Amino acid sequence: MSILANKDTYVVIQGGVAGVNAARRMAEFCYLIKRSLNVLAFVYPPDAGKTNEIPYGSGLVAVPIYKTVAEATKNHPQINTSLVYIGADRAMKGGMEALDDPLIKVVSMITEGVPEKDAKILGRHATKLGKVFNGPSSIGIVSAGSCRLGVIGGAFDNLVLSKLYREGSFGVITKSGGLSNEIIWICSQFADGITTAIGIGGDAYPGTDYVSYLEMFENDPQTKAVVIVGEMGGDLEERAAEWYGAKKRRVKLMAVVSGFCQESLPKGMKFGHAGAKEGLKGEGSARSKSDALKKSGAIVPATFGALGPAIKETYQELLKSGQVKEPVEPAMLPKLPKTIEEAMKADEVMVAPLIRTTISDDRGDEPCYDGYPASELINKGYEIPHVVGLLWDKRLISKQEAEIVKRIMMLSADHGPCVSGAMGTIIAACAGIGLSQSVAAGLIMIGPRFGGAVTDAGRYFKHAVDNKMSVDDFLVYMKKSVGPVPGIGHRVKSLRNPDKRVKELVGYVKSLNIKTPCLDFALEVEKITSVKKDNLILNVDGTMAAVLVDIGFPVDSLNGFFILSRTIGLIGHWVDQKRQDSRLIRLFDYLVNYAAPKRREVPPLK
Amino acid sequence: MAKVLEGPGMGLMKKWGITVPNYVVVTSVDELTKLGQANEWLKKSKLVVKAHEALGSRFKLGLVKVDLDLKGAEAATKEMIGRQVGSVTVSQVIVSEMIPHKEEYYCAVKSTREGTDILVANCGGIEVESNWDRVKRLALEVGQQPSADALEKLAKDAGFTGPLAKKMADFAGKMFTCFDSEDAQYLEVNPVVLREQDSEPIALDAVTLLDGDAKFRHPDWNFAFAAEFGRAYSKHEMEVMAVDSKIKGSVKFIEISGGDTAMLPAGGGASIYYSDAVVARGGKLANYAEYSGDPPDWAVEVLTDKVCSLPGIKNIIVGGAIANFTDVKKTFGGIINGFRKAKSEGKLKGVKIWVRRGGPREKEGLDAMRALKDEGFDINVFDRNTPLTDIVDKALQTK
């Protein structure tokens, strides 16, 4: 048996994130004792209609979220308990809502910093209705082996260590949340563990005091002794002492009280929980409480450290008198499934990776490109082309090579609004499409006829050079097996109207006195083709391709140089249209050759 | 509980219809001189000047001067402003009108478990303490308002008769309204005096404790709360308070001068047991500290920095019970960073560190603490199997 919370306790949690975290902890406990999740509903108006997914074992339980407590209990009539995790400024309203629900018998408020007046009103309202209002500032309530309300009991490992999976003989009532766990642990190590542990909260006027809970424990035959962890301030411990001393009680009372240090502190200096206030003339001091408890017959160890041995002694007496029997531990306890991360850390599982990367690593405090930290590259004077070299070809290119790459990018960053890429972006921008989609619309145009010939040009020039082909053999090969030579030919430029970009790039690369077999070959090809037709010149794609192959970039990366450079221009066009707030555009019909059949009658459907 | 200084305290009483003497709070003589030109009463009345700071025993310290004219008040103001008392510098004085009177009475309202008590006595000043049996009480339940009859009966019980009984009942009623409306926890007027010219009860001095947790519904609480322990907060205490106000969870720090055992425990409950253990062992606390509610590691680091900066410490007690949801590894991470910083600044020389803790990720957290040994820290680490306060015993045994 237990008090307040048991196998029949079903819960609605009022509140957001903190409530969801508590539900996770509660699910761990339910899993340990093999009962289904006892949280049936949440009340959190901003998310009403959705569900919170609570991990239970290796699965997830979807717990519905409602707007009001009434909706929650209407849909889940088993609910009889509410946990309040609502902010201090709205906690009273939430607490009242729960207390006023006819199905709810216990309301435990976890919220801290609730105004004293509100807490008193809630406590009084509960008393009037014959219900229990626990808290505020309560860490929760746990009945070993049957029910956990809130995060009391801590992490899963601690639940097991503190033997919360089965009943013991000790009841626990504490103001402090952290100490509740400590006492539960002590009871499990020095005795057979707990029946129910209750955090009543450290406020000056908790909704329910020691006496009410002592009365409940007195009526719970399984509970043989109750441990109270008190604090200076208020008169709750004195009232407990009064209750205990009033007549012969079935349960043994054990207690410690904190706050003796106040006696030797500078006058007026107080600290601890909100309720830790000493009254005039020493009332509410640790000493007066401790004395009152001792006088009532309670066992009051001199220090907190002496509590364990005292509990042990009480337990031994209970054993001797036959009131309790040594507990039987279950042979096997469920283990909380580990997350993949935990299991991998413990070398317990092997996971086949889904993808493999050889270029970068983001797991440290900054990205590393091919092993080099980005900041170090910056600080040692490296630039964008070097990053391109690292990520596209896994090598640190030279200063000279970087300069070539930079010039290629500068030359192909944009080519005005009329080319297909820019037009695609501009049309999208005018239609109100966002940046990434509009730029993508432009990038889609890059292909065999626009900007996308770099890779192919590089591939065939390289093929020719690698195989030591003559220009003639090359042109025959191309004509036979490929078609027009990629990188040769321009829509508007010609021998008489040369492309300045090509001239510029060729001139620069030639001035460097480096070996450029591909470029040399491409220029030889141009000599022949431009004679055949005046616009069959080496175009910018072909020039880039030949140069990039010459400085060692892999053929498959070559289109990337155009895509990367032209993205700069496409972004520019989108921003430009956006800045002008351009209107939607469409083709004028006079720009269309309507070659479709003339209007005619639709024949009857057969 | 949040203490409010006399000025704002009297302001709240005035708001709810309680007559208080004319008063001004000033930060300089100039201000008082200017106010003197604008306010007749400052020129005509006899004045009282008091240091407007959270200081006990102001009379003894010479920080209360009575029976002054404006010139005298200006002189007293000049003398008091800027005076250093312990860690407090007097920066404000309250100048109020002296109320000539014969009789002194007492009235207070306080929060109780059941509701509210209204206390009235027909003696006042220091006489109340020695005649506590003359204080009569009206106990009200939560949510209950005092009736006029009940208040008058209270006044009569306290020995007031005739029209004065009605006046005191009315005064106590207003005190209750102020208490109830302002989320107060304690209001005390001692003495209540009768103004000679019209026998009007006047609140001559106000002790006001408000519920700081209710600040969210009192936008007109535009005053700062005063330190509750007879001195102002120190710079380090205020820095920790500033952090505390910003974070989830909490960090608390109070300095105690002359101590040599520094406290850095977790939990509002356990921290007191640790302090008790130090005192019981004959140790001297150098501070009170506490972190709880899974605060961010940087906040715990700030707290650690302040603890390590305490002068003359020999031991640091990094105690804690078995946490429910405070992440031990994370919060210890903050403490470890704080320790490293302190060490690099030349602090922690000859200081022994004692650790005991349990809770989520306790093993990782305790291992990280243990590893500090290799960095030259004098640190002793214990887990949940060592009883809570045993580290204090160990710390205070070793020389």
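Bear in mind the structure is a predicted one, so any value in this text is a computation, not a measurement. Both backbone and side-chain heavy atoms feed into the values below; hydrogens, waters and symmetry mates do not. Here is how names work: the chains are called A, B, and so on, in the same order as the sequence lines, proteins then strands, and each is numbered from 1.
No side-chain heavy atom of B/Ile322 sits less than 4.5 Å from a side-chain heavy atom of A/Ile184. You'll find the side chain of A/Trp185 reaches within 4.5 Å of the side chain of B/Asn385, heavy atoms only. Residues A/Glu182 and B/Leu388 form a side-chain contact, since some pair of their non-hydrogen atoms from C-beta on lies under 4.5 Å apart. Counting only heavy atoms from C-beta outward, the side chains of B/Met263 and A/Cys261 never approach each other to under 4.5 Å. Annotation: side chain of B/Val142 is not in contact with side chain of A/His125 (no heavy-atom distance under 4.5 Å).
Of the residues considered (A/Ile152, A/Asn21, A/Ile183), A/Ile152 shows the highest number of contacts with chain B, using heavy-atom pairs under 4.5 Å. Highest contact tally toward chain B, considering only A/Asp235, A/Leu161, A/Thr303, is held by A/Leu161 [criterion: heavy-atom pairs under 4.5 Å]. No other option in A/Pro206, A/Gly150, A/Ala302 has as many heavy-atom pairs under 4.5 Å with chain B as A/Pro206. Put simply, of B/Glu290, B/Arg384, B/Arg217, the one with the most heavy-atom pairs under 4.5 Å next to chain A is B/Arg384. Ranked by heavy-atom pairs shorter than 4.5 Å toward chain B, the options A/Leu236, A/Val257, A/Ile186 are led by A/Val257. When the candidates B/Val279, B/Val278, B/Thr112, B/Asp180 are compared by the number of heavy-atom contacts under 4.5 Å with chain A, B/Thr112 comes out ahead.
No donor-acceptor pair closer than 3.5 Å links the side chain of A/Lys120 to the backbone N or O of B/Gly143. A distance-only check finds a donor-acceptor pair linking the side chain of B/Asn324 to the backbone of A/Gly177 [under 3.5 Å].
More than 12 heavy atoms of other residues, nucleotides or ligands shown are found within 6.0 angstrom of CD on B/Glu114. Atom NZ of A/Lys312 is surrounded by 12 or fewer heavy atoms from other residues, nucleotides or ligands within 6.0 Å. No more than 12 heavy atoms of other residues, nucleotides or ligands lie within 6.0 Å of NZ in B/Lys284, so this atom counts as exposed by the packing criterion. Within 6.0 Å of CZ on B/Arg137 lie no more than 12 heavy atoms contributed by other residues, nucleotides or ligands. Within 6.0 Å of atom CG in A/Leu129, more than 12 heavy atoms from other residues, nucleotides or ligands are found, so the atom counts as buried in its surroundings. No more than 12 heavy atoms of other residues, nucleotides or ligands shown are found within 6.0 angstrom of NZ on B/Lys363.
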Evaluate A/Glu342 against B/Arg361 for salt bridge (charged side-chain N to carboxylate O under 4.0 Å, His left out), listing each step before the verdict. CA-CA 12 Å; A/Glu342 288 163 349; B/Arg361 298 214 285 171; over 6 Å; no

B/Ser250 and A/Glu112: side-chain contact (heavy atoms from CB on, under 4.5 Å), yes or no, with the steps? CA-CA 11 Å; B/Ser250 76; A/Glu112 294 188 11; over 6 Å; no

Show your reasoning for whether side-chain contact (heavy atoms from CB on, under 4.5 Å) applies to B/Tyr273 and A/Leu179. CA-CA 10 Å; B/Tyr273 279 101; A/Leu179 289 175; 3.4 Å; yes

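At a 4.5 Å heavy-atom cutoff, the contact between B/Thr389 and chain A is made by side-chain atoms alone. Neither the backbone nor the side chain of A/Thr174 comes within less than 4.5 Å of any heavy atom of chain B. Within the 4.5 angstrom heavy-atom criterion, atoms from both the backbone and the side chain of A/Val256 approach chain B. Using a 4.5 Å cut-off between heavy atoms, B/Phe216 touches chain A through its side chain atoms alone. Neither the backbone nor the side chain of B/Ala277 has a heavy atom closer than 4.5 Å to any heavy atom of chain A.
Closest approach of B/Ala321 and A/Gly178 over heavy atoms only: CB-O, 3.5 Å. For the residue pair B/Asp276 and A/Gly259, the shortest heavy atom distance occurs at OD2-N, 2.7 Å. Heavy-atom minimum distance, A/Glu231 versus B/Gly269: OE2-CA, 3.9 Å. Residues B/Ala270 and A/Ser176 approach most closely at N-OG, 4.4 Å, considering heavy atoms.
Between A/Asp209 and B/Arg113 there is a salt bridge, since a side-chain N of the basic residue sits under 4.0 Å from a carboxylate O of the acidic one.
Note that CZ of A/Arg24 and CZ of B/Phe325 are 15.0 Å apart. Values are rounded to the nearest 0.5 Å. Note that the CG atom of A/Asp118 and the CG atom of B/Asp213 stand 9.5 Å from one another [nearest 0.5 Å].
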